[in-house]
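Written out below as structure tokens is the structure these notes cover.
The structure presented is a predicted model; accordingly, all values stated were derived computationally and were not measured.
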Amino acid sequence: MAGFTVEPHKPQDEQGSTQATEEPEASETSKAAHGQQSDTIPTPAIFARPRIVAEQASRKNDDLERAPVTEQPHESASFAAITARMARAAHLRYSVASLESERESISKEKSEENTLRIHPQQVRELQEEFAERARPVVLIGPMAAGKTYIGTHFARFYGYEFLDADQLIVERYGEVSEIFEIFGEAYFRELERKTIEDVLNSPTYRNTVFSLGGGAPMTDAVADLLRDECVVYILVDVDTVEPRITGNKTRPLLEPNPVERWSEIFKHRQHRYEELAQHTLDARGEKNISVMTAEIQNFVLAFRKEHSHD
């Protein structure tokens, strides 16, 4: 085994002397001194010390090699910390830049808002101007002139809302014929005036086409309301309306002879129609509805443009 030397048995003399043993050792020393090879075979014990030294040297080299490795975590941690700080600094700079950009954008928006902001008084003036420019288009004319027919088509073609004064009276107070029969014409005319005044003065009814009954303009209070309004007079003759009124029982003022009564009433009211009219539409005979409504629209646009500067 390694580390042990097996020596050959050496016989002793009678006195137990070890002289015989010392002689070979001296001989070996002498041979080594003269450069001669020893006859004795080296044992493993001879190499034990160099092996230990070699192992210690190897361990020292390993320690030296491992020493930088032991320092590496500190260097890595320091690099990671620096990288993290740099990343946070870059993120902070980006955040500050974003905030500055957002602040500039908000400031610009506020500046534009302040530039475009309209004073409340200006808003009221614009609303009033629009309300004035969009006042109702009033249709007047004798009974059976076609005010409802022309008015509904005109409203549909050009984006207005159509209102009929007699229909509003029916919705609010009841059937016209019953009011005439029970309360008389004077009472009906007062209800008619109130209805017309409400439509002309209320912002709710702006940009509408408002058709009046044939006798409405004959009331002085109504005539006063219609002055300077956008009034269109629908002109017809007896030949045009005869088919419309013959056999019609819904017009109590035309009883008992509708054609004769219509002519009489028209002659009595014609001057008021002409007096109040801002535009006269000739609807006598068979006229194309598109042509008639286009004529009214052209007048309305010109009338509103003219009166928008008043």
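I150 and A283 make their closest contact through CD1-CB, 4.3 Å (heavy atoms, listed as atom of the first residue, atom of the second, distance). Looking at every heavy atom in both residues, M292 comes nearest to K287 through SD-CB, 3.5 Å. Closest heavy-atom contact between A223 and L276: O-CD2, 3.7 Å. Of all non-hydrogen atoms in I169 and E192, the two that sit nearest each other are CD1-CA, 3.7 Å. In plain terms, the two heavy atoms of V231 and L226 that are nearest each other are CG2-O, 3.6 Å. N207 and G159 get closest at one heavy-atom pair: ND2-O, 3.9 Å.
Between F303 and H279 the shortest side-chain heavy-atom distance does not fall below 4.5 Å. Here the side chains of F154 and V232 are not in contact, with every heavy-atom distance at 4.5 Å or above. Between T152 and D164, the closest side-chain pair of non-hydrogen atoms is not below 4.5 Å. Between Y160 and V300 the shortest side-chain heavy-atom distance falls below 4.5 Å. Residues R135 and L200 form a side-chain contact, since some pair of their non-hydrogen atoms from C-beta on lies under 4.5 Å apart.
Not a single ring-ring contact (aromatic ring centres under 6.0 Å, His included) links F162 to another residue, sequence neighbours left out.
Atom-to-atom distance recorded for L235:CG and E274:CD is 8.0 Å, nearest 0.5 angstrom. For the atom pair Y173 OH and F183 CZ, the distance stands at 12.5 Å (nearest 0.5 Å). The distance from the CZ atom of R193 to the OG1 atom of T219 is 9.5 Å, given to the nearest 0.5 Å. Atom CD of E264 sits about 12.0 Å away from atom CZ of R269, to the nearest 0.5 Å.
In this structure, L301 is not a member of the same hydrophobic cluster as L281, with clusters built from ILVMFWY side-chain heavy atoms closer than 4.5 Å. Cluster annotation: L212 and I179 are assigned to the same hydrophobic cluster (Ile/Leu/Val/Met/Phe/Trp/Tyr, side-chain heavy-atom contacts under 4.5 Å, transitive). In the hydrophobic clustering of this structure, M218 does not group with Y233; members are Ile, Leu, Val, Met, Phe, Trp, Tyr whose side-chain heavy atoms approach within less than 4.5 Å, directly or through other members.
F180 and F188 have tilted rings, their planes meeting at an angle from 30° to 60° on a 0 to 90° scale. Using cut-offs of 30° and 60° on the angle between ring planes, the pair H153 and Y149 is tilted.
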Extract all donor-acceptor atom pairs below 3.5 Å that involve side chains of residues 136-144 and protein atoms in other chains or at least two apart in sequence.
none

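With respect to the salt-bridge test (charged N to carboxylate O, under 4.0 angstrom), the residues E197 and K194 do not qualify. A salt bridge links R272 and D220; the closest N-O separation between the charged side-chain nitrogens and carboxylate oxygens is under 4.0 Å.
T195 and D198 are not linked by any side-chain donor-acceptor pair at a separation below 3.5 angstrom, with hydrogens and angles left out of the test.
Partner of L254 under the side-chain contact (heavy atoms from CB on, under 4.5 Å) criterion, out of V259, I265, T246: I265 alone.
Annotation: E181, atom CD; neighbour count of heavy atoms from other residues, nucleotides and ligands within 6.0 Å does not exceed 12.
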From CA spacing to verdict: salt bridge (charged side-chain N to carboxylate O under 4.0 Å, His left out), D166, K147: CA-CA 12 Å; D166 289 345; K147 298 184 293 293; over 6 Å; no
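Between the T293 side chain and the S290 main chain, a donor and an acceptor come within less than 3.5 Å of each other.
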